[in-house]
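Written out below as structure tokens is the structure these notes cover.
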There are 2 protein chains.
Amino acid sequence: MAGKRRAEMMEETRTKLIRSARRAFSEKGYAAASMDELTAEAGLTRGALYHNFGDKRGLLQAVVDQIDGEMAARAQAVGARAETEWDGLLAEGVAYIEMALEPEVQRIVLLDGPAFLGDPSQWPSQNGCLQVTLQKLEGLIAQGTVRPVDAEAAARLLNGAALNAALWVAASDQPQEVLAKAVEAFRVLAGGLLAAPG
Amino acid sequence: MAGKRRAEMMEETRTKLIRSARRAFSEKGYAAASMDELTAEAGLTRGALYHNFGDKRGLLQAVVDQIDGEMAARAQAVGARAETEWDGLLAEGVAYIEMALEPEVQRIVLLDGPAFLGDPSQWPSQNGCLQVTLQKLEGLIAQGTVRPVDAEAAARLLNGAALNAALWVAASDQPQEVLAKAVEAFRVLAGGLLAAPG
DNA sequence: TCATTGACATACGGCGCGTATGTGTGATGT
DNA sequence: ACATCACACATACGCGCCGTATGTCAATGA
């Protein structure tokens with residue numbers, strides 16, 4: 001028990017703080033979350049927080065990076081399972097919409113993240129979600145499936161569309177029906193990118 | 001000077017407070033803006049603010065409603081000037097992207113608004129921007145130009161795409177070039193809605 | 001074994017929000 | 001015209017929260 005090295009201990013406290021922060025931020029929002037409560041829930045004090053993350057924003061940044069990484073990995077996994085590259089792109093977009101329904105993702109990454117950390121593309125994590133979409137798009141453009149538009153621009157618009165759709169679905173009364181409409185509209189819109197409209 | 005009725009006076013203080021709030025919120029962000037400074041700049045105190053708007057969020061709501069209304073009016077004016085309905089839709093979208101480059105719009109309506117007031121479609125102002133796009137889309141669907149998708153879903157995705165494009169442009173080093181790419185990508189994406197791809 | 005580093009806790013100061021209370025001016029009735 | 005009321009706004013107060021400065025104790029290394 002006491003046989004742990006200092007580095008391991010520190011990594012553990014970081015993990016505990018991030019875990020508590022994910023809970024607190026997603027339930028109360030970043031602004032309303034109290035550092036005292038948050039750290040107490042992790043069995044620590046604010047001292048540990050300022051030592052490890054600098055300030056409250058630093059903790060938010062760490063949380064956002066973690067969730068963003070998880071989202072990117074999940075989307076990529078879903079996209080890789082598709083039969084064609086194009087279906088993969090669509091699947092990734094739909095996956096983003098569905099993931100954005102989770103309170104953690106919505107509240108922390110989509111709402112508080114941009115508001116308190118600024119534009120996602122400026123984040124240290126480099127916005128993994130965007131990178132995944134970007135790569136898929138570049139591949140599709142190279143193989144001629146997608147028209148030769150600016151890949152980054154298209155990726156941003158697609159992600160933005162998916163994100164906004166998710167906010168809509170989440171605020172809706174009948175999430176299931178609205179989700180179906182959102183996914184359908186997403187497919188139609190994305191179809192605009194195709195070189196040979198189907 | 002003293003010949004004003006009470007209602008007129010109250011309307012004037014509301015106007016002054018909202019004006020100061022637009023400045024403060026857009027420059028410092030909602031969270032960092034101090035009510036004391038804000039009201040002092042308007043020649044008043046926090047008392048006036050709590051009396052007229054209930055709390056800090058109430059003031060943000062009022063500011064957001066005002067800006068949203070202005071945006072919707074501007075977009076509608078731009079869209080109405082186009083030769084065809086379809087061109088009008090595209091023009092509105094481009095107008096949103098360009099408007100979102102203004103710090104007031106970006107910071108207050110696009111970042112702090114959703115974070116502190118929740119989903120835009122739930123706002124009392126009913127999100128005028130969305131309504132404008134929605135009407136245009138419904139017209140286009142009725143006349144057969146646009147495929148029969150769910151109009152609200154499509155409107156949301158379009159607006160979301162435009163919004164995200166704007167964030168990208170604003171954070172960029174060469175806004176002019178990036179804006180051109182964003183607009184081009186927007187046109188391509190929107191083309192997916194067309195019944196007869198061109 | 002002892003000095004030192006560093007991870008974390010404790011203590012302190014200040015600011016900002018929300019509310020409770022005070023105040024003066026315009027509205028109202030006779 | 002005068003007294004009274006109502007109300008828009010100012011003033012006063014308390015609480016919570018963040019950031020920093022300081023303290024403490026265990027782990028490290030010679």
Side-chain angles (χ1 to χ4, degrees), chain A residues 1-21 23-64 107-108 112-113 115-117, chain B residues 1-21 23-64 107-108 112-113 115-117:
Chain A
M1 191 52 163
K4 290 179 181 172
R5 309 234 160 262
R6 292 184 90 161
E8 296 173 11
M9 292 291 291
M10 200 166 171
E11 199 50 42
E12 189 177 324
T13 64
R14 285 179 62 95
T15 301
K16 284 196 284 191
L17 285 174
I18 290 180
R19 185 161 5 129
S20 289
R23 281 182 52 93
F25 290 164
S26 72
E27 288 174 2
K28 308 181 175 186
Y30 172 77
S34 163
M35 312 277 279
D36 282 321
E37 292 181 13
L38 197 162
T39 51
E41 188 188 315
L44 297 162
T45 69
R46 289 213 324 277
L49 204 156
Y50 283 93
H51 188 72
N52 282 281
F53 299 99
D55 61 354
K56 194 180 182 183
R57 277 187 56 206
L59 180 60
L60 175 61
Q61 184 76 66
V63 169
V64 163
R107 178 83 247 182
I108 301 178
D112 288 339
F116 291 97
L117 300 177
Chain B
M1 193 51 163
K4 291 179 181 172
R5 308 237 158 256
R6 294 185 85 159
E8 296 173 11
M9 292 291 292
M10 202 166 171
E11 200 51 41
E12 189 178 324
T13 63
R14 286 179 61 95
T15 301
K16 284 197 282 191
L17 286 174
I18 290 180
R19 186 165 1 134
S20 290
R23 282 183 50 94
F25 290 165
S26 71
E27 288 174 4
K28 308 181 174 188
Y30 172 77
S34 162
M35 312 277 278
D36 282 320
E37 293 182 12
L38 197 163
T39 52
E41 188 187 314
L44 297 163
T45 69
R46 291 214 323 277
L49 204 157
Y50 284 93
H51 187 73
N52 282 282
F53 300 98
D55 61 355
K56 194 179 182 183
R57 278 186 56 207
L59 179 59
L60 175 61
Q61 184 77 66
V63 169
V64 162
R107 175 86 250 182
I108 301 178
D112 288 339
F116 292 96
L117 301 177

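In what follows, chains carry the letters A, B, and so on, assigned in the order in which the sequence lines appear, proteins first and then strands, with residues in each chain numbered from 1.
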Kindly indicate whether the side chain of A:Leu60, heavy atoms from C-beta on, has any atom under 4.5 Å from the side chain of A:Leu117. yes
Please report, rounded to the nearest Å, how far the [atom2] atom of [N] is from the [atom1] atom of [X].
| X | N | atom1 | atom2 | value |
| --- | --- | --- | --- | --- |
| A:His51 | D:dT24 | NE2 | P | 18 Å |
| B:Met9 | D:dA6 | CE | P | 21 Å |
| B:Lys16 | D:dC9 | NZ | C1' | 12 Å |
| B:Leu49 | C:dG16 | CG | C1' | 13 Å |

Any idea which of [options] is nearest the [X] side chain?
| X | options | answer |
| --- | --- | --- |
| A:Tyr50 | D:dC18, C:dG18, C:dG16 | D:dC18 |
| A:Asn52 | C:dC8, C:dG18, D:dC9 | C:dC8 |
| A:Glu37 | D:dC17, D:dC9, D:dG19 | D:dC17 |
| A:Lys56 | D:dC9, C:dA9, D:dC18 | D:dC18 |

Contact class for B:Ser34 vs. all strands (heavy atom < 4.0 Å): base, sugar-phosphate, or nothing? sugar-phosphate
Look at all strands and tell whether B:Ala33 reaches a base, only sugar-phosphate, or nothing, counting heavy atoms closer than 4.0 Å. sugar-phosphate
Distance criterion of 3.5 Å, no angle test: do you see the side chain of B:Arg46 paired donor-to-acceptor with the base of C:dG18? yes
Does a sphere of radius 6.0 Å around CZ in A:Arg23 hold more than 12 heavy atoms from other residues, nucleotides or ligands, not counting ones at 6.0 Å or beyond? no
